[in-house]
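Before any comments, here is the structure.
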Amino acid sequence: AQSVTQLDSHVSVSEGTPVLLRCNYSSSYSPSLFWYVQHPNKGLQLLLKYTSAATLVKGINGFEAEFKKSETSFHLTKPSAHMSDAAEYFCVVSDPGGFKTIFGAGTRLFVKA
Amino acid sequence: DSGVTQTPKHLITATGQRVTLRCSPRSGDLSVYWYQQSLDQGLQFLIQYYNGEERAKGNILERFSAQQFPDLHSELNLSSLELGDSALYFCASSPHPGQANTEAFFGQGTRLTVV
């Protein structure tokens, strides 16, 4: 069985400060993990994905995530927040075959000027 | 622009009615996924089709059905609509039968309001 937990429903940061969005997963298999971003009134866009290659994954817009098997975590980080980063972020786990895909509840990121 | 087209963008209908949502996947993508996003349930996977056949089923109600046509476009049919069916319905597509190792490309969604 698989599950994904986003530990914060809301995160608020000031522009120029680091961003940390936390995600823990549970999987019987070696999972594929994704982070998607959803801006208001838009569809979801892939930020990055982990597929058992390098454990540190770099994505678009300066985001990166580190797969830590021992902690079953896949936290999303960015060194310096920008106003345009304000959006909702979803952590996603998929089984190796990709047939069962589970979305986390989402974390809404607020960026203050 | 993801290349996935959903129509209509907005739909308002009354309880008890039936609606059809349409999705055109990216050119060459064989998989189509349907998701429902509501305030109380979050983003939920409904159903997936691959090359015309149902591939995976999620939390899809019996009142809802979907199909994928030979030209690979897909339709999601929602019947006997209830107020709680009001949500944003997303379609996504990918080239492969599963989502492992590959991303899904999302459309902009159809916002359904049931009154």
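Throughout, protein chains are lettered first and strands after them, A, B, ... in sequence-line order, and every chain is numbered starting at 1.
The number of heavy atoms from other shown groups lying within 6.0 Å of CG (B:L39) does not exceed 12. In the displayed structure, B:I12 atom CD1 is contacted under 6.0 Å by at most 12 heavy atoms of other residues, nucleotides or ligands.
In the hydrophobic clustering of this structure, B:Y49 does not group with B:L72; members are Ile, Leu, Val, Met, Phe, Trp, Tyr whose side-chain heavy atoms approach within less than 4.5 Å, directly or through other members. Each of B:L46 and A:V93 belongs to its own hydrophobic cluster when Ile, Leu, Val, Met, Phe, Trp and Tyr are linked at side-chain heavy-atom distances under 4.5 angstrom. A single hydrophobic cluster is seen to contain both B:Y33 and A:V92, as judged by linkage of ILVMFWY side chains at heavy-atom distances under 4.5 Å, directly or through other members. By the criterion of side-chain heavy atoms lying less than 4.5 angstrom apart, applied directly or through intervening Ile, Leu, Val, Met, Phe, Trp or Tyr residues, B:V4 is not grouped with B:L21; the two fall into different hydrophobic clusters. Linking ILVMFWY residues whenever their side-chain heavy atoms come closer than 4.5 Å, directly or via other members, leaves B:L43 and B:I60 in distinct clusters.
Heavy atoms of B:Q37 lying under 4.5 Å from chain A belong exclusively to its side chain. Heavy atoms of A:Q38 lying under 4.5 Å from chain B belong exclusively to its side chain.
For residues 107-115 of chain B, the interface with chain A (any heavy-atom pair closer than 4.5 Å) comprises B:G107, B:Q108, B:R111, sorted by residue number.
Across all non-hydrogen atoms, the minimal contact from A:L44 to B:F106 is O-CB, 3.4 Å.
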